[in-house]
There are 2 protein chains.
Amino acid sequence: MRATIREVAREAGVSPSTVSRALSMPEMVNPTTRERVLRAAQRLGYAPNRAARGLITGRTGNIGLIVPDLANPFFPSVVKGVQARAREADYAVFLADTDEDPTAEVGLIRVLGKQVDGLILCSPRAREEEIRDLCESTTLVMVNRRFGSVPSVVFDNVDGMRQAVAHLQALGHRRVAWVGGPRTSWSSRDRLRGLRAATAAAGMELVVAGHFPPHFEGGVAAADLIIASGVTSVIAYNDLMALGLLGRLRDRGVQVPEDMSVIGIDDIQMSTMSAPALTTVSLSKAQAGRAAVDLLISLLEQPEGVRNARRELPTQLLVRASTGVAQTN
Amino acid sequence: MRATIREVAREAGVSPSTVSRALSMPEMVNPTTRERVLRAAQRLGYAPNRAARGLITGRTGNIGLIVPDLANPFFPSVVKGVQARAREADYAVFLADTDEDPTAEVGLIRVLGKQVDGLILCSPRAREEEIRDLCESTTLVMVNRRFGSVPSVVFDNVDGMRQAVAHLQALGHRRVAWVGGPRTSWSSRDRLRGLRAATAAAGMELVVAGHFPPHFEGGVAAADLIIASGVTSVIAYNDLMALGLLGRLRDRGVQVPEDMSVIGIDDIQMSTMSAPALTTVSLSKAQAGRAAVDLLISLLEQPEGVRNARRELPTQLLVRASTGVAQTN
DNA sequence: CGTCAGTCTGAAACCGTTTGCAGTTACATG
DNA sequence: CATGTAACTGCAAACGGTTTCAGACTGACG
């Protein structure tokens, strides 16, 4: 059995109230008493029961984290960041994986929402009106999606796309294809927006190949369309899809980067291991996780005081071996 | 504000006790009353406050999951399994990542242990005596490690190694190297044990290359030793390391599988994407996660009743392109 | 020496549930 | 009709903390 506050009180010869104060508002008690209480607590290995504390304070000390698919290496990185930062701030993290199912997502938000002080939604799939509802009953922070005034952490996709296009242009490419992610993905739309702007500014032609599942297989599925479209370069919604492209292009005998330049987004670990290694727009995923936690905590501590509840993290093109000089035909 | 049991009681014209019973022990209340209560609860969107319930029942409805490194794709798969199964059983999952640090692991177990009904330790790094201590104060289930009578879920490494060795033998290999994982890893030792048995039975020579970090880089680091050792085949502690081997072997101009056959363990997604695709001993990771949750829950429900608190999951060699007929020189 | 402000401390109420116990009711039985 | 029994239901006491409020003590000051 764990020690209770009453036992500590008896051990220290004071009342439970004093113990409570000595631990959570130390300046309110006489230094001598405080010392005695702390010693007693130490001796008994006392740690306050979080459920009991939460019952009266209304705060649980937990935050929830909802991701669409842990199997996509993008998310574990974010989770690691969230996790580490939360631990520093003495919060515990509830994790839920929705398996890319928007309905499950909404359900999970509802049930998890009651057990936590706040929620972090990673690349949420839910519809806008649902999010609007939800964010009234729960404090939430979105990662990788921006919507209304809901607090969010996103990457500077526009600049990322600009860098990618500039790189391709410098290599002499005139036509670039876009392999999109899920139709409902905000970041996919945002990236396409950035891409449109960048290609227009560069005077390049953009071919949009449509929407694909954000997996390796999605990239595989898109590859043949890309080949048929006659472009010399392609940018995929994420690295996993870009690797799928790479795989299928190899099978089809299309040389990368000689015949086709391929760029991904995310910079997952795997992208350094492929042959050729993948040129990619790198996102600092763990940092996004940490930023989301920081934002959430500041929101919790001063519900109305946070002026600008948005963070935009920089992106950085990493040139590896999957991009090269355009074929001159 | 969320509805409390009192409001539901008032709405239904009964006492809080009745509401409580109608929800958690339905057979104890009159069907008519029960119906009225359920309706009222429905109308008010009532859900019991888990902290309050936990305070009195002593159970939180949470389980903790501790993994050494989410960046290793093995673990997200396990986490997904744990997650899914826990949700079915109406448990929420606390996740913690220790970054491969045994000290952090012990600390996390202690703090997380107070907030959950039970813990699942994935490939624990902690020392045996510490685990012994810990498992007295917390119910825990270990995955990928077996120790004393501590409940555990492991893979049948011995049979996996047997399959791998039989495969290599059939391809004409006589000498095989082992690239081990961390020194403290139980599963690394267990796999080596299986490998020793299998090679001895097959009359093959085994070269042990020592211990390496369980990452891509660990495999890279081991590659040159392997080349120098003059073997024709190598088995790595996990797929990530096998992929590292593949990468470095390619850089060194060693052809796989012509000059060297490479086998990994885990069957992570990435292993199908490499060139050549990796032959590997496949482990059903999500199933391990589910099994761990089942085991933990049965342990919680009948603390002493569980006779055999061990599960051993089968393994299956998947032959892909990284293994081939031995070089006859 | 009486008064007052200021500093600490303790008693008690409360947070939202569950649960042992006792009370109420209905019904069957003798 | 009295009584025993079974089936429900409500009261009140927990669970382990926090927080309000008032009281006790201290020292300073008039």
Side-chain angles (χ1 to χ4, degrees), chain A residues 1-41 44-62 90 92 111 113-117 300-301, chain B residues 1-41 44-62 90 92 111 113-117 300-301:
Chain A
M1 284 304 96
R2 295 182 40 202
T4 79
I5 203 173
R6 268 168 257 272
E7 305 176 43
V8 178
R10 186 146 39 78
E11 177 85 8
V14 297
S15 78
S17 343
T18 305
V19 176
S20 174
R21 279 187 284 251
L23 294 173
S24 44
M25 5 174 73
E27 72 289 355
M28 279 193 66
V29 327
N30 185 306
T32 322
T33 341
R34 184 198 314 158
E35 186 59 26
R36 210 164 63 237
V37 170
L38 294 183
R39 253 200 245 294
L44 272 55
Y46 170 77
N49 178 321
R50 297 180 81 126
R53 169 181 289 174
L55 195 49
I56 184 140
T57 61
R59 304 191 41 193
T60 61
N62 301 331
D90 207 28
V111 24
K114 324 222 148 149
Q115 302 184 56
V116 302
D117 297 337
L300 291 172
E301 286 175 355
Chain B
M1 285 304 97
R2 294 180 43 199
T4 80
I5 203 173
R6 265 171 261 272
E7 306 177 41
V8 178
R10 187 147 37 77
E11 176 86 6
V14 297
S15 79
S17 342
T18 304
V19 175
S20 172
R21 278 187 284 252
L23 293 172
S24 46
M25 3 174 73
E27 72 289 353
M28 278 191 66
V29 325
N30 184 305
T32 322
T33 340
R34 186 197 314 157
E35 187 58 27
R36 210 165 63 238
V37 170
L38 293 184
R39 252 199 246 294
L44 273 55
Y46 171 77
N49 178 322
R50 296 180 81 126
R53 169 182 291 176
L55 193 51
I56 186 147
T57 62
R59 303 189 45 191
T60 61
N62 302 330
D90 208 27
V111 26
K114 323 224 147 148
Q115 303 185 56
V116 301
D117 296 337
L300 291 172
E301 285 175 354

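No hydrogens, no waters, no symmetry mates; every other heavy atom, side chains included, goes into these values. Residue numbers start from 1 in every chain, and the chains themselves are labelled A, B, ... in the order their sequence lines are given, proteins ahead of strands. These numbers were taken from a predicted model, which means no experiment stands behind them.
Without hydrogens or angle criteria, Arg59(B) side chain to Asp117(B) main chain gives no donor-acceptor distance under 3.5 Å.
Between Asn30(B) atom CG and dT9(D) atom P there is a gap of 5 Å when expressed in whole angstrom units. Straight-line distance from the CD atom of Glu27(B) to the P atom of dT9(D): 13 Å, rounded to whole Å.
Taking 4.0 Å as the cutoff to heavy atoms of chain A, we find the contact window on DNA chain C bounded by dC8(C) to dG16(C).
For residues 12-23 of chain B, no pair satisfies salt bridge (charged side-chain N to carboxylate O under 4.0 Å, His left out), with sequence neighbours left out. A salt bridge (charged side-chain N to carboxylate O under 4.0 Å, His left out) check over residues 30-40 of chain B, counting only residues at least two apart or in different chains, returns the pairs Glu35(B)-Arg39(B). Screening residues 46-57 of chain B for salt bridge (charged side-chain N to carboxylate O under 4.0 Å, His left out), with sequence neighbours left out, gives no hits.
Take Ser15(A) and apply the side-chain hydrogen bond (donor to acceptor under 3.5 Å, both in side chains) test, not counting sequence neighbours, and it matches Ser17(A), Thr18(A). For Arg6(A), there are no salt bridge (charged side-chain N to carboxylate O under 4.0 Å, His left out) partners two or more places apart in sequence or in a different chain. For Glu11(A), the salt bridge (charged side-chain N to carboxylate O under 4.0 Å, His left out) test picks out Arg43(A), with sequence neighbours left out. For Asn62(A), there are no side-chain hydrogen bond (donor to acceptor under 3.5 Å, both in side chains) partners two or more places apart in sequence or in a different chain. Scored by the side-chain hydrogen bond (donor to acceptor under 3.5 Å, both in side chains) test, Ser24(B) finds no partners at all (sequence neighbours excluded). Not counting sequence neighbours, the partners of Asn49(B) by the side chain to side chain contact (heavy atoms under 4.5 Å, CB included) test are Leu55(A), Ala51(B), Ala52(B).
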*What string of B, S and - do you get for nucleotides 13-20 of chain D, 5' to 3', if B is base contact, S is sugar-phosphate-only contact and - is no contact with any protein heavy atom under 4.0 Å?*
-BBBBBBB
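Recorded end-axis angle for the helix from dC1(C)-dG30(D) to dG30(C)-dC1(D) stands at 70°, based on five pairs per end and rounded to 10 degrees.
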